[in-house]
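Chain naming here is simple, since letters A, B, ... match the order of the sequence lines and numbering starts at 1 in each.
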Amino acid sequence: MNRKDMLGLRDVSREEITEILNTAERFRNVSERQIKKVPTLRGRTVVTFFMENSTRTRMSFDLAAKRLSADTLGFSASSSSTKKGETLMDTARNIDAMKPDAIIIRHSAAGAPHMLAKAFPWSVLNAGDGINEHPSQALLDMLTMRDHLGTLEGKTVAIVGDVYHSRVARSNIFGLTTMGAKVVVAGPGTMCPPSMTHLGVEVRHSIDEVVEDADVVMMLRIQRERLQPGMMSTVNEYSRFYGLDLDRLNKARPDVLVMHPGPINRGVEMSPAVADGKQSVILEQVTNGVAVRMALLYLLLGGEPIGGDANAV
Amino acid sequence: MNRKDMLGLRDVSREEITEILNTAERFRNVSERQIKKVPTLRGRTVVTFFMENSTRTRMSFDLAAKRLSADTLGFSASSSSTKKGETLMDTARNIDAMKPDAIIIRHSAAGAPHMLAKAFPWSVLNAGDGINEHPSQALLDMLTMRDHLGTLEGKTVAIVGDVYHSRVARSNIFGLTTMGAKVVVAGPGTMCPPSMTHLGVEVRHSIDEVVEDADVVMMLRIQRERLQPGMMSTVNEYSRFYGLDLDRLNKARPDVLVMHPGPINRGVEMSPAVADGKQSVILEQVTNGVAVRMALLYLLLGGEPIGGDANAV
Amino acid sequence: MNRKDMLGLRDVSREEITEILNTAERFRNVSERQIKKVPTLRGRTVVTFFMENSTRTRMSFDLAAKRLSADTLGFSASSSSTKKGETLMDTARNIDAMKPDAIIIRHSAAGAPHMLAKAFPWSVLNAGDGINEHPSQALLDMLTMRDHLGTLEGKTVAIVGDVYHSRVARSNIFGLTTMGAKVVVAGPGTMCPPSMTHLGVEVRHSIDEVVEDADVVMMLRIQRERLQPGMMSTVNEYSRFYGLDLDRLNKARPDVLVMHPGPINRGVEMSPAVADGKQSVILEQVTNGVAVRMALLYLLLGGEPIGGDANAV
């Protein structure tokens, strides 16, 4: 892979995605060892720059960087000069002047990571920009699917919920269609408008329709803060029409995978029995997250070469 | 010691406590060196998970982990997904999926660390759970006492204040009685109810009674937030009846040790002259805190073997 | 240099400043390498103790410590026991008991760092105390000037804005006059009172007067929170009378350096065209900040000796 940045999967090729997933597979065992650390990025500076709250994504990237022996530096909305009215570009110019190697950015504005990537020499990793993309999440989702399905080619992935406002869904749609999978989406009309077919997906309005022939059902988190009044009458009603419970799951293929980007609203988008059930691979997604982020940092920053397995790192 | 977790001192044996204190003694000199670091836990991941505010305990554990060369990752109430409504178990499952080696948890719910310890393979260190236990604090207290008294066997330790609501007091009571010390407690009736004798302590209601024949006087912090209205009329009245000042201290044995878990409310539970006086070992407690926490992490995580002294680590 | 602390430049000699700047020059290349790390302070504990919000200064010190291989520990107002009513001295005694090597402190009270420096054996680095001093900022400013001007001796530095309330200005005034530079200040009467001549500077009231013959123009940030009502009618009026725009800059010497400690209020104290123009060295200041802070930590803590260049570290 010959990229400086990972901004989104819209323009990432099948070969590149395959290389990332293969590299992640090799890094995965590092986290299983007693000494969970390789010297690949020793002495590099990785800045996590989160202008929206996050726990798991920030921790996952931080851990990925530390397990590659990089130094990490945190930067969050609450402590930031942006509160003093500084623009994103000025903040970034200042970080730039401290000579970082990579910046992991989460920002409410779609395109913020792209703006930094164009302006600066260091690697930018998009950890979520508005409703645009969240590529590392989609890559860890795809790695989890590949683990179970062997390949993504020809598989059917159903994404259910507020697809329109989900950066996780968008990155998955780009990545999965590139890999030859078919994506069908379902949700209320305001969350899955017909125009989404332009992204190369099939739009349906009933969860039952998409669950029955899917290899993977990915349930999205309802982000109450992103919803406009009137989009759904109540959370209960949403849950009744679009939540995944055992009754619905029993109509799916017996080996269907259930995924969720977390954190789960238990009892809303999925019932606890489904979240913790035998088809759920939600926690494997989290484990793969660290591996995928190690792979991205390694590939973008050009760490020390690794051999046939990560033991040789 | 053959434990995965340190949840409380209620069921920890005299042999185990002795091993922890002896190990802490050997680690204590690491913090006195110029290079305050041993490679014992290199590549291990230690997560500090504080759902209640803390400065000294979090710092002390963080420093202990770093001085053992572990990687540390912070996780606090303010940045956490628990604000998004995620349950503790879901948050823990996510942390688990990132393959940590140990989690240091402080939580307002008694039993929260035990729940995690039962569910997960990594070590759980209880850094304070509700009004239940705070074992590392009691261990550092006992190390400080042992430094000065030679042994805990047969010694008398007075604990004064809101003993009933104090996790520090409870852990000390369990540990000290196990080690053969006698514990007497004093405070207002609502804070030292007669039922506390079930814990194997003597309950008295006057501070003067307990101070006069004690080897150690441990003053507790008044936690205003834990008090119900009506428990004490005013802070001043509390201070008059249960505060430790020089007058009271002069009636004690000349070599009595004065302890406090910090942070001190100066002028409330003890006067500045006592806090800074020659009998006060409050800051030795803090120093021993880092050593005890290094010992706990080392013993629970099975770090690289250490020789006769920590130089050999 | 034979000092324990860096509290301010008021009493720092020309030889000492020169040694700091020379050492910073040798460390500057560490941040340009792929492996941005030297083992100089391995195993040392550096605590950042910021009781006022900060992004760039905290990050810059944190990075400086990490690039010297020290372990860093953060401590901020929001997480601190000072919220529980603990005094600064008690908090510091607790940190002391954990055996740190250096504390970087920012505090709203002038003199807070000095109080700690007198009381404790570890190094104290003042990162800003009230309106008193901010010595590392002035040192990085002076390094930036020396880079371009060759020497500070005989040069004229204009400082414009709320000089009276600026710790950046005060430290620069002490350092620059020690190095043989001439300092002229300009601003509204309440911000540049005539009494400032006691500091060895010339006080003028028009920006145009000071810009025209300056080698360096340092624009200060307007700290709205420090201003009393009545000091200036509006931000716009301030900008009209004391802001630096291209018209004003064109009357200066063609090689004048434009500096600003950041974060910039664009359009207030300087126009974007000036901030981003070819005379601006604002981002070089930030880069030099990491190098100067590495030099300070190295010199104060007595790190491993370095040879003719930092490669030998």
Okay, C:Asp276 and chain A: the region with an atom under 4.5 Å from a heavy atom over there is side chain

The interface call for C:Glu32 against chain A, heavy-atom contacts under 4.5 Å, is side chain

For A:Asp11, I'd like to know if atom CG has over 12 heavy atoms of other residues, nucleotides or ligands within 6.0 Å. yes

- Message: Does A:Phe174, at its CZ atom, have more than 12 non-hydrogen atoms belonging to other residues, nucleotides or ligands within less than 6.0 Å?
- Response: yes

Side-chain touch [X]/[Y], heavy atoms, less than 4.5 angstrom:
X	Y	answer
C:Arg67	A:Lys99	yes
C:Met59	A:Val47	yes
C:Ser31	A:Met98	no

Treating C:Lys66 as the side-chain partner and A:Thr72 as the backbone partner, does any N or O pair qualify as donor plus acceptor under 3.5 Å? yes

Go through C:Leu283 and A:Asp96 one step at a time and tell me if the side-chain contact (heavy atoms from CB on, under 4.5 Å) criterion holds.
-> CA-CA 9 Å; C:Leu283 296 170; A:Asp96 175 54; 5.8 Å; no

Rounding to 0.5 Å, atoms CZ (C:Arg266) and CG (A:Asp90) come to a distance of 4.0 Å

The reported gap from OG1 in C:Thr55 to CZ in A:Phe49 (rounded to nearest 0.5 angstrom) is 8.5 Å

Report task. Go through C:Leu63 and A:Thr45 one step at a time and tell me if the side-chain contact (heavy atoms from CB on, under 4.5 Å) criterion holds. Result -> CA-CA 8 Å; C:Leu63 207 46; A:Thr45 303; 3.5 Å; yes

Closest non-hydrogen atoms of C:Lys36 and A:Asp101, given as atom of the first, atom of the second and distance, are NZ-OD1, 2.9 Å

| Evaluation steps, side-chain contact (heavy atoms from CB on, under 4.5 Å), between C:Lys37 and A:Asp71 | CA-CA 9 Å; C:Lys37 212 173 173 87; A:Asp71 287 318; 2.7 Å; yes

